[in-house]
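Order of the sequence lines sets the chain letters (A, B, ...), proteins ahead of strands, with each chain counted from 1.
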Amino acid sequence: MPELPDVEAFRRYLGATALHKRITEVVVKSRRVLEGVKSRRLREVLKGSRVEDSSRHGKYLFCELDNGQYLVLHFGMTGFLKYFKNEDQKPDHQRLILHLENGYRLVYDNQRLFGRVFLAEDRERFIRKQQLGPDALAVDFKRFASILSRGRGAVKTTMMNQQMLAGLGNIYTDEILFQARIHPKTKIAGLTEEELRNIFDQMKEVLEEAIEARADPRRMPETFLLLHRDENCACPRCGGPVKKISLSGRGSYLCPVCQENPE
DNA sequence: AGTACCACCTGACGGC
DNA sequence: TGCCGTCAGGTGGTAC
């Protein structure tokens with residue numbers, strides 16, 4: 001699930017729920033998700049504090065605490081946040097539970113344990129340490145073009161590399177390339193300036209529309225490929241069959257008519 | 001240095 | 001019904 005638009009949706013969800021509420025108790029249900037911090041330390045820092053602000057860089061969510069520290073959440077493939085009061089509403093794979101002063105809980109759920117929870121003192125230093133590229137939604141064209149041109153392989157692989165650009169995953173990269181009518185295997189070096197510009201514009205467009213839809217596919221435009229991610233589904237542009245290929249080990253969906261293979 | 005592939009986890013789904 | 005292989009929206013390490 002969680003690529004940039006999903007994490008942005010979690011951020012807004014946090015803003016509408018647990019923000020500014022005092023954390024009264026902290027339960028680490030799975031210490032495997034903790035990265036670089038022990039349960040005890042995490043509890044000490046979180047207990048009694050409040051999340052006063054939130055921000056996002058790529059797929060990372062930064063929860064700024066009133067003690068100056070940051071609770072940093074990464075969701076892996078299956079993570080999400082859930083705010084609830086009654087026990088019968090609790091999600092199936094709670095990994096970190098924050099009890100709040102109003103009797104509600106904010107839960108970090110993560111079925112496959114690929115997500116990570118960090119504690120950071122400095123947001124920018126954390127981003128540097130993780131070697132993240134600029135956020136895909138914040139980057140300007142000049143920077144985008146110069147970063148992408150460092151890639152030697154397929155355009156999709158480069159766009160998904162978090163050290164190049166932070167925030168794009170498998171689904172949205174497919175979507176952007178579909179909208180830009182570029183085949184995912186196209187080599188970066190083979191792209192014209194115009195095509196690069198088009199990819200950039202579509203990246204912004206797709207991300208903004210997905211955020212607008214609260215990362216919920218049911219609210220997304222019918223023209224989105226991600227609603228038709230199935231082999232032989234009809235391409236929303238030309239009606240031809242959608243094709244699935246494998247690119248660096250990931251399933252990639254595309255329309256072979258709209259996205260011509262350069263080879 | 002850059003890129004490709006596997007492993008890490010759990011669960012859902014389709015075929016037999 | 002049950003077992004098995006395959007696959008899933010991420011990423012780190014390792015091998016070229």
Enquirer: Counting only distance, no hydrogens or angles, is the base of C:dG9 paired donor-acceptor with the side chain of A:D6 under 3.5 Å?
Expert: yes

Enquirer: A:D92 has an atom CG; how far is it from atom C1' of B:dA12, in whole Å?
Expert: 13 Å

Enquirer: Please answer whether the main-chain N or O of A:H93 pairs with a side-chain N or O of A:Q111 as donor and acceptor at a distance below 3.5 Å.
Expert: no

Enquirer: Strictly below 4.0 Å: does A:K244 bring a side-chain N or O up to OP1 or OP2 of C:dC7?
Expert: no

Enquirer: Could you tell me whether A:R123 sits above the aromatic face of A:F62, with NZ or CZ closer than 6.0 angstrom to the six-membered ring centre and within 45 degrees of the axis?
Expert: yes

Enquirer: Once you round it to whole Å, what is the distance between C1' of C:dC7 and CG of A:N170?
Expert: 12 Å

Enquirer: Between B:dT10, C:dT11, B:dC8, which nucleotide has the shortest distance from any of its atoms to the side chain of A:K59?
Expert: C:dT11

Enquirer: Rounded to whole Å, please give me the gap between CD in A:Q111 and C1' in B:dA12.
Expert: 9 Å

Enquirer: Just the rounded figure in Å: distance from P of C:dG9 to CD1 of A:I176.
Expert: 15 Å

Enquirer: Above 12 or not: heavy atoms from other molecules or residues under 6.0 Å from CD of A:E212?
Expert: no

Enquirer: Are any of the side-chain heavy atoms of A:I182 and A:V155 separated by less than 4.5 Å?
Expert: yes

Enquirer: Whole angstroms only, please: what is the CZ-C1' distance between A:R112 and B:dC8?
Expert: 9 Å

Enquirer: Without swapping roles, check the side chain of A:D66 against the backbone of A:R50 for a donor-acceptor pair under 3.5 Å.
Expert: yes

Enquirer: Looking at A:R250, does any N or O in its side chain come under 4.0 Å of the phosphate oxygens OP1/OP2 on C:dG10?
Expert: yes

Enquirer: When you get a sec, tell me which of C:dG9, C:dG12, B:dT10 is the closest nucleotide to the side chain of A:L113?
Expert: B:dT10

Enquirer: CG of A:L4 versus C1' of C:dG9: gap in Å, rounded?
Expert: 13 Å

Enquirer: Starting at the 5' end of DNA chain C, write a dot or bracket for each base, bracketing those in Watson-Crick or G-U wobble pairs whose two distances are under 3.5 Å and using | for partners on another strand.
Expert: .|||||||.|||||||

Enquirer: Polar atoms only, N or O, under 3.5 Å: list the protein pairs with nucleotides 2-6 of chain B and their distances.
Expert:
from: B:dT3; atom 1: OP1; to: A:R152; atom 2: N; distance (Å): 2.2
from: B:dT3; atom 1: OP1; to: A:G153; atom 2: N; distance (Å): 2.7

Enquirer: Can a cation-pi geometry be assigned to A:R105 and A:Y83, taking NZ or CZ under 6.0 Å from the six-membered ring centre and within 45° of the ring axis?
Expert: no

Enquirer: Any side-chain heavy atom of A:S39 sitting closer than 4.5 Å to one from A:L34?
Expert: yes

Enquirer: Tell me whether the OP1 or OP2 atom of C:dG10 has a side-chain N or O from A:H74 closer than 4.0 Å.
Expert: no

Enquirer: Using a 6.0 Å distance limit plus a 45 degree cone around the ring axis, check whether A:R116 lies over the aromatic ring of A:F75.
Expert: no

Enquirer: Side-chain contact test, heavy atoms from C-beta onward, threshold under 4.5 Å: evaluate it for A:Q179 versus A:F224 and give yes or no.
Expert: yes

Enquirer: Nearest whole Å is fine: how far is C:dG12 C1' from A:Y60 OH?
Expert: 10 Å

Enquirer: Separation of A:F114 atom CZ from C:dG10 atom P, in whole Å?
Expert: 11 Å

